[in-house]
Amino acid sequence: MEIDLALIWSLLIAFAVLAYVLLDGFDLGIGILFPLFNKGSERDYAMNTIAPVWDGNETWLVLGGGGLFAVFPLAYSVVLPALYAPLTLMLLGLIFRGVAFEYRWRSKNSQGFWDLAFFGGSLAAAFCQGIALGALVQGIDVIDRAYAGGWWNWLTPFSLLTGVSVVVGYILLGSTWLILKTVGPVQEKAYRYAKPALFGLLGLIGLVSIWTPFLNPEFLARWFTMPQIIYTAPVPLLVLVTALALLRGLREKNDAWPFFASLGLFVLTYVGLGISFFPYMVPPSLTIWQAAAPDVSLEFLLIGTAVLVPLILGYTAYAYWVFRGKVDPEEGYH
């Protein structure tokens, strides 16, 4: 049986993007929540929960972006010109977030400025990620294997909605991470912020889910025609069940369950997105197979990836294992 290398690579890149969203999402969520914590000890404590892992989390973004360039060069050459503005702003936000992360501990006189940069960079990165996602879902104009749209095609009501959705989703991830890792006033505030973030996210998921099928006839057929609806119907039902479990965890003050249920919500919405997308790499014009590099290149790159991905997974798992449990509020910067 012939192995479909393009399909394997599409799954690997999808996994890398999902890993980035799950792991860096709560980092960015804490940055967005940062102004809501008191200056000094509360902000230090919140930041210290992600200090050992935040930079490693971004490895998955590099893997996803580099993999897209190497394995799906046509998709890369189309998507980048279409999304230059939001992706550039996203990278600038991540740079500001990273610089602020280190400088706020070392420059006490200007700590307020770096706190603002940490918040602004996190918010900009999250919002631009959502906008880029929305612009991709709504479709990119392609003529003769090149981007055929304008500079502002990415900016639409739908992309703004997905931008806000990602911001609210990251707030939920950040608040539930703080519930998992902290005690005292910071944890109490995180419990307080998580519930409205959950309800807000569910409302936004509903709006995006209703809107998305009408962006493309194939999306509509995938979700609302037989027999496809038999396979897609469990996804919204599982979203509802996971949301109820998360809400129960918040009510019962179960420190661990809300965070893992939040991750579950992101995984399920990602699966729903994949159901709409497949088999497109750039909807509605380029499929996975049309955008893929030659099989010889895919085979060669897969050999290196078979070594690299397990190493990254092992390092990530080890880092989280070493820094498991509650963070001591009296500890210094990791």
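Throughout, numbering of the chain's residues begins at 1 and tracks the sequence.
Looking only at side-chain heavy atoms (C-beta outward), F26 and T176 stay at 4.5 Å or farther from each other. In this structure the side chain of W177 reaches within 4.5 angstrom of the side chain of I30, judged on heavy atoms. Proximity of I312 to T316: side-chain heavy atoms (C-beta onward) are separated by under 4.5 Å at one or more points. In this structure the side chain of R248 never reaches within 4.5 angstrom of the side chain of W257, judged on heavy atoms. Between Y193 and L36 the shortest side-chain heavy-atom distance falls below 4.5 Å. Considering only heavy atoms from C-beta on, V327 stays 4.5 Å or farther from V183 through its side chain. Using a 4.5 Å cut-off on side-chain heavy atoms (C-beta onward), F119 and L116 make contact. Side-chain contact between Q111 and D115: present, with at least one pair of heavy atoms (C-beta onward) separated by less than 4.5 Å.
Between the side chain of D144 and the main chain of A146, no donor-acceptor pair closer than 3.5 Å is present. Judged purely by atom type and a 3.5 angstrom limit, T49 has no side-chain atom pairing as donor or acceptor with the backbone of K181. Side-chain atoms of Y270 come within 3.5 Å of backbone N or O of A14 as a donor-acceptor pair. Put simply, the side chain of T269 gets close to the backbone of L265: a donor and an acceptor are under 3.5 Å apart. No donor-acceptor pair closer than 3.5 Å links the side chain of T212 to the backbone N or O of S209.
Closest approach of A256 to L180, counting heavy atoms only: CA-CD1, 3.7 Å. The two atoms that bring I179 and A190 nearest to each other are CG1-CB, 3.7 Å, heavy atoms only. Taking both residues in full, the closest heavy atoms of L28 and Y20 are given as CD1-OH, 4.1 Å, listed atom of the first, atom of the second, then distance. The minimum heavy-atom distance linking L172 with A194 is given by the pair CD1-O, 3.5 Å. Residues I32 and A126 come closest through the heavy atom pair CD1-CB, 3.9 Å. Listed here is the closest heavy atom pair of A16 and W60: O-CB, 3.5 Å.
Under a cutoff of 6.0 Å and an axis angle of 45°, K189 and F37 do not form a cation-pi pair.
V241 and V235 are members of different hydrophobic clusters when ILVMFWY side chains are connected at heavy-atom separations under 4.5 Å. The hydrophobic clustering, which links ILVMFWY residues whose side-chain heavy atoms are closer than 4.5 Å, places L237 and L198 apart. No continuous path of hydrophobic side-chain contacts links V62 to L313 [ILVMFWY only; heavy atoms under 4.5 Å]. Taken together through direct or relayed side-chain contacts under 4.5 Å among Ile, Leu, Val, Met, Phe, Trp and Tyr, W151 and L87 form part of one hydrophobic cluster. One hydrophobic cluster holds both V167 and L133 under the rule that ILVMFWY side chains link at heavy-atom gaps under 4.5 Å.
Other members of the cluster containing F113 are I95, V99, Y103, W114, with ILVMFWY side chains joined at under 4.5 Å, either directly or via other members.
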(message) Pair K326, Q187 - check side chain to side chain contact (heavy atoms under 4.5 Å, CB included), show working.
(response) CA-CA 11 Å; K326 298 285 186 181; Q187 188 190 53; 3.1 Å; yes
(request) Evaluate the salt bridge (charged side-chain N to carboxylate O under 4.0 Å, His left out) criterion for residues D44 and K39: first the C-alpha distance (whole Å), next the side-chain angles of each, then the deciding distance (0.1 Å), finally the verdict. (result) CA-CA 8 Å; D44 293 349; K39 293 180 180 179; over 6 Å; no
(request) Please lay out, stage by stage, how I140 and L286 fare under the test side chain to side chain contact (heavy atoms under 4.5 Å, CB included). (result) CA-CA 10 Å; I140 294 176; L286 296 176; over 6 Å; no
(message) Using the rule given for side chain to side chain contact (heavy atoms under 4.5 Å, CB included), can you reason through F34 versus R43, listing the C-alpha separation, both sets of side-chain angles and the distance that settles it, and then say yes or no?
(response) CA-CA 7 Å; F34 216 55; R43 293 184 182 182; 3.4 Å; yes
(request) Kindly indicate, with the supporting measurements, whether the criterion side chain to side chain contact (heavy atoms under 4.5 Å, CB included) is fulfilled by S175 and L33. (result) CA-CA 8 Å; S175 58; L33 289 168; 4.0 Å; yes
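Counted within 6.0 Å of OH on Y320, heavy atoms from surrounding residues, nucleotides or ligands total more than 12; the atom is thus considered enclosed. Taking a 6.0 Å sphere around CH2 of W211, one finds it holds more than 12 heavy atoms contributed by other residues, nucleotides or ligands.
Taken from OG1 in T242 to CG in L268, the straight-line distance is 5.0 Å, to the nearest 0.5 Å. Separating the CD1 atom in I13 from the CD1 atom in I288 is a distance of 9.5 Å, to the nearest 0.5 Å. Rounding to the nearest 0.5 Å gives a distance of 9.5 Å between CD1 of I8 and CG of L298. Separating the CZ atom in F127 from the OG atom in S159 is a distance of 7.5 Å, to the nearest 0.5 Å. In this structure, T162 OG1 and L204 CG are separated by 10.0 Å, a value rounded to the nearest 0.5 Å. Atom CG of L23 and atom CG of L61 lie 11.5 Å apart (nearest 0.5 Å).
Y280 and Q290 form no side-chain donor-acceptor contact under 3.5 Å, judged by distance and modelled atom types alone. D4 and W289 share a side-chain donor-acceptor pair at under 3.5 Å. N38 and Y45 share no donor-acceptor pair across their side chains, judged by distance under 3.5 Å alone. Between the side chains of N153 and Q138, no donor N or O sits under 3.5 Å from an acceptor N or O.
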Under 3.5 Å, which donor-acceptor pairs do the side chains of residues 65-85 form with other protein atoms, sequence neighbours left out?
unit_1	atom_1	unit_2	atom_2	d
S77	OG	P73	O	3.4
S77	OG	L74	O	2.8

